[in-house]
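For reference, the structure discussed in these notes is given below.
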Amino acid sequence: MVRQPINWLVAGILAICVSSTAAQPPPAGNKPDATLRSTPDTVVWGYFAADVAPALRIRSGQTVRIDTVSHSGFNTSEDPVSFFGKGGIAPEEVLKDGIEIYHRVPRPKGASAHVLTGPVYVEEAQPGDMLEVRILGLEHRVPYGVNNSNRGTGVLPDLLGTPTPKVIRLDLARKVALFSPEIEVPLQPFMGIMAVAPPRNTWMISSRPPGVYGGNMDFNKLTVGATLYLPVFHNGAQFFTGDSHAVQGDGEINGTAIEASLTGMFQFIVHKDAGRAMRSPRAEDATHYYAMGMDIDLNTAMKNAAQETVDFLRERKSLSAADAYSLASIGIDFRVAEAVDAVQMVYGAIPKAMFKNNPEYWLKP
């Protein structure tokens, strides 16, 4: 049976969420403690909710290998084999679990397009905690993806008059997307959506707008080696992921990346009482800390990202307000992660190399 929450609400914006505890090492050889396949019983279509039965239960520190199915090619009126066939994809190349999800998983009225695997229930997680999500690996499930422009979508909604889906082959050996015979785009896979269950209890929330819980951030820096920090609002945290991408530019201006099904390897670590003061997700990788700001209005999203950056410099680097503001202006780039999902996201990329005494992780030791 397909799991369905009780109530429905499409919510627009939320905004609140980092802090402490020592980090744990990744597992030897990236061998997972558990594997979560994408099946009609382990996915939801287009929403988050806190009352979805767990697809998997784990403990803090454990790693999970998670399959995802890109919605592109599976959320059309025609069946996936026909859709992909028009783009030169043979029937045997179409994901079988995607076909099964297309036929069996309901997409409630008002839900968004995304197929999301989960939730993963982390036993120790409680409201007020913070969930650290380490991205240890990302693998392509198929050697192709889809980019789709349409009338009424993206940053230039009046540019086109009809949908123009483009199936793009991937050369996985060379790690490039074959956009055309003359154009190749380097691959940078990442999950467009990583989220915990949002603050509301049983009401569903559309997966389209991102929020304090993470969600559809379309943040291309969240690739292998990066770490995402999310506040916890419910027991178990209840982690969902999907909207997997082969590559995407900052802004995602036509509304889509190269949407391509991935398998991710994640490590989940609970930090007790570290999420209560968080106002937004935060992230880092080997070279940068990332402070995020979100809002319907892009200018306000920029202000929120700037405030998060200044607060980080004051709290973690002990700068005065004046020095934090100054450093944010001269040493930190602010970029639009996405400007197409109702709630828009801007991030500040804070170079770690600027600091002589630099902890390995965002968290205080």
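For the pair K221 and F190, the cation-pi criterion (under 6.0 Å, within 45° of the ring axis) is not fulfilled. Because its NZ or CZ atom is not both nearer than 6.0 Å to the ring centre of F312 and within 45° of the ring axis, K317 does not count as a cation-pi partner of that residue. Geometrically, R282 does not engage Y229 in a cation-pi contact defined by less than 6.0 Å to the ring centre and at most 45° from the axis.
A ring-centre distance under 6.0 Å is found for F48 and F240. Aromatic rings from Y144 and F84 are positioned such that their centres are separated by under 6.0 Å.
Not counting sequence neighbours, T76 has no partner by the side chain to side chain donor-acceptor pair (under 3.5 Å) test.
Taking a 6.0 Å sphere around CZ of F334, one finds it holds more than 12 heavy atoms contributed by other residues, nucleotides or ligands. Residue-environment remark: NZ (K166) exceeds the threshold of 12 foreign heavy atoms within 6.0 Å.
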I would like to know whether N304 and V346 meet side chain to side chain contact (heavy atoms under 4.5 Å, CB included); could you show each step before the answer?
CA-CA 8 Å; N304 291 341; V346 174; over 6 Å; no

Apply side-chain hydrogen bond (donor to acceptor under 3.5 Å, both in side chains) to residues Q188 and T223 and explain how you reach the verdict.
CA-CA 7 Å; Q188 184 179 325; T223 187; 5.2 Å; no

Step by step, would you call V340 with V155 a side chain to side chain contact (heavy atoms under 4.5 Å, CB included)?
CA-CA 6 Å; V340 293; V155 173; 4.0 Å; yes

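When all heavy atoms are compared, the tightest approach of D295 to D297 is OD2-N, 2.9 Å. Counting all heavy atoms, side chain and backbone alike, L262 lies closest to H140 at CD2-ND1, 3.5 Å.
Looking at T117 and S38, their side chains never bring a donor and an acceptor atom within 3.5 Å of each other. With hydrogens and angles left out, the side-chain atoms of T263 and D67 include a donor and acceptor closer than 3.5 Å. Counted by atom type alone, D285 and T287 present one or more donor-acceptor pairs between their side chains at under 3.5 Å. In this structure, a donor-acceptor pair under 3.5 Å is absent between the side chains of N235 and Y121. Side-chain contact check for Q307 and D311: at least one donor-acceptor pair (N or O, by modelled atom type) lies under 3.5 Å. When only modelled atom types and interatomic distance are considered, S60 and E124 share no side-chain donor-acceptor pair under 3.5 Å. Neither side chain, Y347 nor D333, offers a donor N or O lying under 3.5 Å from an acceptor on the other.
Contacts classified as salt bridge (Lys or Arg N to Asp or Glu O under 4.0 Å) and involving residues 183-197 (residues at least two apart or in different chains) are given here: R174-E184. Residue pairs satisfying the salt bridge (Lys or Arg N to Asp or Glu O under 4.0 Å) criterion with at least one member in residues 69-79, sequence neighbours excluded, are listed as follows: E78-K86.
Using a 4.5 Å heavy-atom cutoff, the side chains of M292 and M217 are in contact. Between L131 and L228 there is no side-chain heavy-atom pair separated by less than 4.5 Å.
Within the 3.5 Å criterion, the main-chain N or O of T164 finds no donor-acceptor partner in the side chain of S149. A donor-acceptor pair under 3.5 Å links the side-chain atoms of D129 to the main chain of D273, judged by distance alone.
Using a 4.0 Å cut-off between a side-chain N of Lys or Arg and a carboxylate O of Asp or Glu, R141 and D97 qualify as a salt bridge.
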